[in-house]
Amino acid sequence: MSFHVLIPARLASARLPNKPLADIGGAPMVVRVAQQALRSQAAQVVVAADSAAIADACAAHGIRAVLTDPDHPSGSDRLAQACALLGLDGDAMVVNVQGDEPLIDPALINAVAQVLAHTPQASMGTAAHPVHNLQDYQNPNVVKVVCNAQGLAHYFSRAPIPWHRDQAGTQWWDGNSAAAGATSFAPLRHIGIYSYRAGFLRQFPTLPPAPTEQVEALEQLRALWHGHAIAVHTAAQAPGPGVDTPEDLARVRHLWAQTALN
């Protein structure tokens with residue numbers, strides 16, 4: 001199994017300006033993400049940058065980067081251009097690792113590539129993990145996914161799904177997602193990492209946005225709307241925290257320092 005990791009990196013961020021360049025243990029965050037990805041089985045790791053500042057920071061640390069259009073409306077558009085710049089053929093497998101996940105587990109990257117490689121009927125792969133508390137289950141910022149018997153996504157939602165009709169959706173909850181699954185589906189939290197075949201990744205931005213995508217603000221629903229299957233790897237636990245805010249950055253810096261000391 002051969003695959004490529006692409007890391008979209010955008011300089012502008014409303015909540016954390018210049019986020020990809022934020023220092024974590026002496027290196028920019030996007031570099032830390034790439035270093036984690038290089039520990040996976042990827043054939044190559046490339047940052048898809050929207051600015052020369054990001055590309056230069058990567059080059060200074062020996063990380064390959066390509067410069068993409070700064071006006072792309074989404075990360076998928078950026079990755080589609082990166083595929084073209086790298087000359088990847090349509091069957092090449094690509095894993096999209098977000099540029100604000102410096103604690104990403106290399107094994108998770110491998111698993112998301114593998115679930116697509118082993119599911120030829122799927123156009124995309126992604127990951128999920130059991131929901132461990134009621135607060136996450138009810139939180140609209142925590143995206144949930146329900147899968148079918150083949151491990152393909154039925155639907156992604158910000159709502160608490162699946163909803164237990166006979167027990168008002170939450171009364172069955174005892175904090176143990178495995179126990180919950182004994183009488184219904186165990187709820188799964190979606191992890192925002194994706195694998196694609198390069199041909200589909202180039203096609204995806206040309207598909208019309210889906211009504212479900214616009215209502216939920218979840219881009220992956222576009223693929224389901226247009227009939228493309230998404231294979232889901234179920235991880236045993238949640239990934240390391242990502243970075244969206246200054247508070248997130250402080251937490252990740254602390255965790256990184258602890259890891260370095262160990």
Side-chain angles (χ1 to χ4, degrees), residues 4-40 42 44-88 94-106 108-109 112 126 141 143 191-196 198 201-202 204-206 209 213 217-220 222 239-257:
H4 312 263
V5 168
L6 298 182
I7 304 170
R10 180 171 167 267
L11 200 59
S13 172
R15 290 185 286 182
L16 188 60
N18 298 325
K19 182 166 70 169
L21 302 180
D23 182 87
I24 296 178
M29 177 160 46
V30 68
V31 168
R32 293 303 189 194
V33 176
Q35 289 170 341
Q36 287 293 99
L38 284 166
R39 295 172 54 207
S40 75
Q44 65 173 339
V45 174
V46 182
V47 173
D50 78 337
S51 75
I54 296 174
D56 291 346
C58 290
H61 289 82
I63 301 298
R64 187 178 182 187
V66 292
L67 197 57
T68 59
D69 187 339
D71 297 323
H72 281 309
S74 73
S76 299
D77 293 270
R78 193 170 311 286
L79 293 187
Q81 184 185 4
C83 285
L85 292 171
L86 294 169
L88 299 182
V94 173
V95 176
N96 172 5
V97 175
Q98 297 302 316
D100 56 7
E101 300 281 351
L103 301 179
I104 186 76
D105 184 353
L108 179 62
I109 297 173
V112 172
T126 191
N141 293 317
V143 177
I191 301 171
I193 180 173
Y194 298 98
S195 52
Y196 316 78
L201 182 53
R202 285 194 287 265
F204 183 78
T206 70
E213 169 192 0
L218 296 174
E219 192 179 40
Q220 66 269 34
R222 187 185 313 180
V243 177
D244 285 321
T245 66
E247 293 76 18
D248 294 337
L249 179 59
R251 178 171 58 158
V252 166
R253 282 171 170 165
H254 177 70
L255 290 170
W256 188 275

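- Shortest non-hydrogen contact noted between Ile193 and Asn96 is CG1-O, 3.4 Å.
- Here CG of Asp100 is found 10.5 Å from OG1 of Thr245. Values are rounded to the nearest 0.5 Å.
- With a 4.5 Å cut-off on side-chain heavy atoms, Gln98 and Val33 do not count as touching.
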Let me see the working for Val31 and Val47 under side chain to side chain contact (heavy atoms under 4.5 Å, CB included), right down to the final yes or no.
-> CA-CA 9 Å; Val31 168; Val47 173; over 6 Å; no

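- Here the NE2 atom belonging to His72 is positioned 3.5 Å from the CD atom belonging to Gln81, to the nearest 0.5 angstrom.
- The backbone N or O of Gly240 sits nowhere less than 3.5 Å from a side-chain atom of Asp105 that would complete a donor-acceptor pair.
- The distance from the CG atom of Asp71 to the CG atom of Asp77 is 11.0 Å, given to the nearest 0.5 Å.
- Between the Ser195 side chain and the Val112 main chain, a donor and an acceptor come within less than 3.5 Å of each other.
- The heavy-atom pair separating Arg251 from Pro241 by the smallest distance is NH2-CB, 3.4 Å.
- Closest non-hydrogen pair, Pro102 versus Trp256, comes out as O-CZ3, 3.5 Å.
- The line from CD of Gln36 to CD1 of Ile109 is 7.5 Å long, rounded to the nearest 0.5 Å.
- In this structure, the side chains of Ile104 and Ser40 stay at 4.5 Å or more apart for every pair of heavy atoms.
- Here the side chains of Ser76 and Tyr196 are in contact, with some heavy-atom distance below 4.5 Å.
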List the steps and the verdict of side chain to side chain contact (heavy atoms under 4.5 Å, CB included) for Leu86 and His4.
-> CA-CA 10 Å; Leu86 294 169; His4 312 263; over 6 Å; no

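- Ile54 and Leu11 get closest at one heavy-atom pair: CD1-N, 3.8 Å.
- Residues Gly99 and Met29 share a closest heavy-atom pair of O-CG, 3.8 Å.
- The neighbour count for Arg10 CZ, taken as heavy atoms of other residues, nucleotides or ligands under 6.0 Å away, does not exceed 12.
- Atoms CD1 and CG, from Ile24 and Leu249 in turn, are 6.0 Å apart once rounded to the nearest 0.5 Å.
- Gln220 and Thr126 share no side-chain donor-acceptor pair at under 3.5 Å.
- Considering every non-hydrogen atom in both Ala55 and Ala49, the closest pair reads N-CB, 4.1 Å.
- With contacts defined as side-chain heavy-atom distances shorter than 4.5 Å, the pair Arg64/Cys58 does not qualify.
- From Ile63, atom CD1 reaches atom CD1 of Ile7 across 7.5 Å, with rounding to the nearest 0.5 Å.
- Using modelled atom types, one side-chain atom of Arg32 and one backbone atom of Gly25 make a donor-acceptor pair closer than 3.5 Å.
- A 4.5 Å side-chain heavy-atom check between Gln44 and Leu88 finds at least one atom pair inside the cut-off.
- A salt bridge links Lys19 to Asp244: one of the charged nitrogens lies within less than 4.0 Å of a carboxylate oxygen.
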